[in-house]
K.L.:
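Quick one: structure below, then a few questions.
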2 protein chains.
Amino acid sequence: MLYVRDSLDVINGKWKMMILISLMNGNRRFTEIERSIPKITSKVLAKELKDLEENQLITRTVHDSYPVLVEYSTTAYVKTLDKVLRELHNWGINHRKKIFGK
Amino acid sequence: MLYVRDSLDVINGKWKMMILISLMNGNRRFTEIERSIPKITSKVLAKELKDLEENQLITRTVHDSYPVLVEYSTTAYVKTLDKVLRELHNWGINHRKKIFGK
DNA sequence: TATATTTGCTTTCAAAAAGTAAGTAGTTAC
DNA sequence: GTAACTACTTACTTTTTGAAAGCAAATATA
């Protein structure tokens with residue numbers, strides 16, 4: 001289990017996974033993403049997006065149109081997180097059952 | 001991916017997973033655990049152990065011996081996290097390869 | 001034309017979390 | 001008697017988070 005630490009260093013945090021999932025669900029614009037994640041604030045979202053970009057998990061594209069659009073999308077690399085996310089999802093379902101009964 | 005949030009609420013944080021892994025590896029005493037996790041401080045460890053206990057992921061047993069011993073161990077429930085941890089481990093290996101090259 | 005609203009953020013200030021270092025009570029080893 | 005170990009706690013500093021407001025440019029509404 002030595003390498004769990006390495007994973008956590010990248011994807012740990014209250015929001016990173018949720019942002020990745022939001023992007024995988026097709027949200028691309030800043031405000032879309034913000035609205036898709038309950039309770040996140042724009043300051044935190046802006047910061048986390050920068051973080052994720054630095055870690056090459058997402059890309060930020062500015063479209064030179066009128067009005068200027070900024071689009072975020074996941075890189076191919078994020079697909080490698082699929083299994084992690086699936087297991088977290090499964091465990092979440094399970095845990096919810098345990099806590100709230102049935 | 002709706003339930004990832006529920007999982008994160010419980011096992012998120014810089015240290016929780018590492019503490020669970022340490023316990024799964026056989027460490028049971030406060031100081032053992034502390035020594036097994038680089039850079040964790042006793043204050044943070046004490047707090048996280050309380051958290052994990054409240055979430056019923058670990059148990060704390062005080063042995064009324066001389067000297068008094070305190071032992072921590074994971075509950076059966078933690079076994080359900082096995083897959084999550086395994087995937088995080090795998091991804092960590094993979095990520096390390098990507099960053100440092102093979 | 002004037003006002004309101006949207007987008008993609010940034011700024012300011014307050015609160016919470018995390019880290020650092022030292023301390024403590026009891027026990028035991030030297 | 002001095003030092004060391006165990007399982008923490010306390011006091012203080014630094015970092016991170018959060019809440020709220022602001023902003024420039026553009027578009028929509030009245």
Side-chain angles (χ1 to χ4, degrees), chain A residues 4-55 57-75, chain B residues 4-23 25-55 57-74:
Chain A
V4 171
R5 173 83 281 158
D6 291 325
S7 291
L8 293 180
D9 285 343
V10 181
I11 56 185
N12 187 21
K14 200 167 170 184
W15 303 113
K16 288 201 177 67
M17 299 266 212
M18 301 313 287
I19 294 169
L20 291 178
I21 290 171
S22 174
L23 287 168
M24 288 162 112
N25 284 343
N27 299 305
R28 309 188 140 260
R29 311 278 298 276
F30 189 93
T31 311
E32 269 178 6
I33 302 166
E34 193 175 358
R35 278 198 284 252
S36 75
I37 304 175
K39 310 231 171 171
I40 200 168
T41 61
S42 42
K43 178 188 153 186
V44 171
L45 179 56
K47 190 217 151 217
E48 295 287 55
L49 286 170
K50 265 178 212 154
D51 255 42
L52 289 168
E53 207 192 340
E54 275 168 25
N55 274 296
L57 292 169
I58 66 171
T59 50
R60 180 179 188 272
T61 317
V62 181
H63 292 280
D64 221 7
S65 55
Y66 295 95
V68 174
L69 287 186
V70 180
E71 278 198 350
Y72 294 92
S73 55
T74 57
T75 60
Chain B
V4 170
R5 172 83 283 161
D6 291 325
S7 292
L8 292 180
D9 285 343
V10 182
I11 55 183
N12 187 21
K14 200 168 167 182
W15 303 112
K16 287 202 179 65
M17 299 267 212
M18 301 312 288
I19 294 169
L20 292 178
I21 291 171
S22 174
L23 287 168
N25 284 342
N27 298 305
R28 308 188 141 259
R29 311 278 297 279
F30 188 92
T31 312
E32 268 178 5
I33 302 165
E34 193 176 357
R35 277 197 284 252
S36 75
I37 304 175
K39 308 229 173 172
I40 199 168
T41 62
S42 42
K43 178 190 153 188
V44 171
L45 179 57
K47 191 219 150 216
E48 296 286 55
L49 285 170
K50 265 179 212 153
D51 254 44
L52 289 168
E53 205 193 341
E54 275 167 25
N55 274 298
L57 292 170
I58 66 171
T59 51
R60 180 179 187 272
T61 317
V62 180
H63 292 279
D64 221 7
S65 55
Y66 295 96
V68 175
L69 288 185
V70 180
E71 278 198 351
Y72 294 92
S73 55
T74 56

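So you know, we letter chains A, B, ... as the sequences are listed, proteins then strands, and number each from 1.
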K.L.:
Just how far, in rounded Å, is C1' of C:dA21 from CD of B:Glu34?
P.N.:
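One finds 13 Å between C1' of C:dA21 and CD of B:Glu34, rounded.
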K.L.:
For D:dT16, does OP1 or OP2 lie under 4.0 Å from any side-chain N or O of A:Trp15?
P.N.:
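Answer no for this pair, as no side-chain N or O of A:Trp15 is under 4.0 Å from OP1 or OP2.
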K.L.:
Between CG of B:Leu45 and CD1 of B:Ile37, what distance do you get to the nearest 0.5 Å?
P.N.:
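Between atom CG of B:Leu45 and atom CD1 of B:Ile37 there are 6.5 Å.
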K.L.:
Using only heavy-atom distances, determine whether the side chains of B:Ser73 and B:Thr59 contain a donor-acceptor pair under 3.5 Å.
P.N.:
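There is such a pair (donor and acceptor under 3.5 Å, judged by atom type) between the side chains of B:Ser73 and B:Thr59.
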K.L.:
Between A:Lys50 and C:dT10, does any side-chain N or O lie under 4.0 Å from OP1 or OP2?
P.N.:
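The answer is yes; a side-chain N or O of A:Lys50 sits under 4.0 Å from OP1 or OP2.
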K.L.:
State, to 0.1 Å, how close A:Arg5 and B:Met18 come at their nearest heavy-atom pair, and which atoms those are.
P.N.:
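Taking A:Arg5 first and B:Met18 second, the nearest heavy atoms are NH1-CG, 3.5 Å.
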K.L.:
Choose from C:dC9, D:dG18, D:dA7 the nucleotide whose nearest atom is closest to any side-chain atom of A:Val44.
P.N.:
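Closest nucleotide to the A:Val44 side chain: D:dG18.
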K.L.:
Looking at B:Tyr72, does any N or O in its side chain come under 4.0 Å of the phosphate oxygens OP1/OP2 on D:dT6?
P.N.:
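Result: no.
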K.L.:
Does any residue of residues 18-26 of chain A have a heavy atom under 4.0 Å from DNA chain D, and if so, which ones, in number order?
P.N.:
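Contacting residues: none.
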K.L.:
Looking at OG1 of A:Thr75 and CG of A:Leu57, how far apart are the two atoms once the value is rounded to the nearest 0.5 Å?
P.N.:
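It is 5.5 Å, given to the nearest 0.5 Å.
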K.L.:
Take atom CG of B:Leu45 and atom C1' of C:dT20, then tell me their distance rounded to the nearest Å.
P.N.:
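Distance check: B:Leu45 CG to C:dT20 C1' gives 16 Å.
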K.L.:
Between B:Ala46 and A:Glu48, who's closer to the 5' end of DNA chain D by nearest nucleotide?
P.N.:
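In this pair, the answer is B:Ala46.
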K.L.:
Mind calculating the distance between CG (A:Leu69) and P (D:dA26) to the nearest angstrom?
P.N.:
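Value for this atom pair: 13 Å.
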K.L.:
Please determine whether a side-chain nitrogen or oxygen atom of B:Lys14 lies at a distance below 4.0 Å from atom OP1 or OP2 of C:dG19.
P.N.:
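Checking C:dG19 against B:Lys14, a side-chain N or O does come within under 4.0 Å of OP1 or OP2.
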K.L.:
In terms of side-chain heavy atoms, does A:Arg28 have a donor or acceptor partner in A:Tyr72 at a distance below 3.5 Å?
P.N.:
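Checked: A:Arg28/A:Tyr72 side chains show no N/O donor-acceptor pair below 3.5 Å.
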K.L.:
Please report, rounded to the nearest Å, how far the C1' atom of D:dC5 is from the CZ atom of B:Arg29.
P.N.:
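My rounded result for the distance is 10 Å.
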K.L.:
Take the protein atom CD1 of B:Ile40 and the nucleotide atom P of C:dA18, then report the distance between them rounded to whole Å.
P.N.:
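So the two atoms are 11 Å apart, to the nearest Å.
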K.L.:
Rounded to whole angstrom units, what separation is found between the CZ atom of B:Arg60 and the P atom of D:dT6?
P.N.:
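After rounding, the gap between these two atoms is 16 Å.
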K.L.:
How many whole angstroms separate atom CZ of B:Arg35 from atom P of D:dC8?
P.N.:
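Whole-Å distance recorded here is 14 Å.
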K.L.:
Report yes or no: does B:Glu32 contribute a side-chain atom to a donor-acceptor pair with the main-chain N or O of B:Arg29 at less than 3.5 Å?
P.N.:
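A pair under 3.5 Å: yes.
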K.L.:
I need the CG-P distance between B:Asn12 and C:dA18, as an integer number of Å.
P.N.:
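Nearest whole value for this atom pair: 9 Å.
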K.L.:
Choosing from C:dT20, C:dG8, D:dA7, which nucleotide comes nearest the side chain of B:Thr41?
P.N.:
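Shortest atom-to-atom distance from the side chain points to C:dT20.
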K.L.:
Can you give me the closest heavy-atom contact between A:Trp15 and A:Glu48, atom names plus distance?
P.N.:
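Result for this residue pair: CB-OE2, 3.7 Å.
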K.L.:
Is a donor-acceptor pair below 3.5 Å formed from side chain B:Lys43 to base C:dG19, judging by atom type as modelled?
P.N.:
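Answer yes: a donor N or O sits under 3.5 Å from an acceptor.
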K.L.:
Distance criterion of 3.5 Å, no angle test: do you see the side chain of A:Ser42 paired donor-to-acceptor with the base of C:dT10?
P.N.:
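For A:Ser42, whose side chain was compared with the base of C:dT10, there is a donor-acceptor pair (under 3.5 Å).
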K.L.:
Hey, is the main chain of A:Ser22 close enough, under 3.5 Å, to the side chain of A:Asn27 for a donor-acceptor pair?
P.N.:
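Checked: pair present.
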K.L.:
Side chain of A:Val70 only, please: which of D:dG18, C:dC9, C:dG19 is the nearest?
P.N.:
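In terms of side-chain proximity for A:Val70, the closest of D:dG18, C:dC9, C:dG19 is C:dC9.
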